[in-house]
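Taking it in order: structure first as structure tokens, then the write-up.
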Amino acid sequence: MGEYTTFLCRECGYSAERIRWGVSVSDPRQRFMPAYCVECDAIAEVDLTGADLMIDEFTCITCGSELFFLEKAASYTCPKCKAKDMKLIQGEYW
Ligand SMILES: [Zn+2]
Ligand SMILES: [Zn+2]
């Protein structure tokens with residue numbers, strides 16, 4: 001199931017809110033994942049709905065550069081200050 005996820009950096013206060021992560025509750029075809037954009041120094045959500053699994057390159061809608069998916073991990077690196085001290089808050093299902 002997909003949740004709205006908030007990434008919050010304890011170090012610099014950066015936050016990426018309401019990133020959809022997982023598969024939609026109402027429509028299982030809809031799938032989103034969080035990813036880093038190194039150009040924007042930000043976490044963005046990527047729409048994987050109907051995406052071909054053979055394609056593993058996705059680009060930032062803001063700047064067009066390649067995005068790097070966030071894997072589920074024990075700690076997340078802040079895109080702004082690079083501190084490995086990001087808090088992850090799982091919100092409601094989408
Ligand atoms: Zn930070
Ligand atoms: Zn970007």
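Counting convention: from 1, in listed order, for ligands and their atoms alike. Because the structure is a prediction, the values reported are computed rather than measured.
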Verdict with supporting geometry, Phe7 and Lys87, side chain to side chain contact (heavy atoms under 4.5 Å, CB included): CA-CA 6 Å; Phe7 293 91; Lys87 195 173 152 190; over 6 Å; no
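For Thr6 and Glu17, the side-chain atoms include no donor-acceptor pair closer than 3.5 Å.
Shown here are the ring pair (Phe, Tyr, Trp, His ring centres under 6.0 Å) partners of Phe32, two or more places apart in sequence or in another chain: Trp94.
Draw a line from the Zn ion (ligand 2) to SG of Cys60 and another to SG of Cys40, and the angle between them is 120° (to 10°). Rounding to 10°, one obtains 110° for the angle at the Zn ion (ligand 1) between SG (Cys78) and SG (Cys12). For the pair SG of Cys63 and SG of Cys37, the angle at the Zn ion (ligand 2) is about 100°; rounding is to 10 degrees.
Salt bridge present: Asp85 and Arg10 bring a charged side-chain N and a carboxylate O closer than 4.0 Å.
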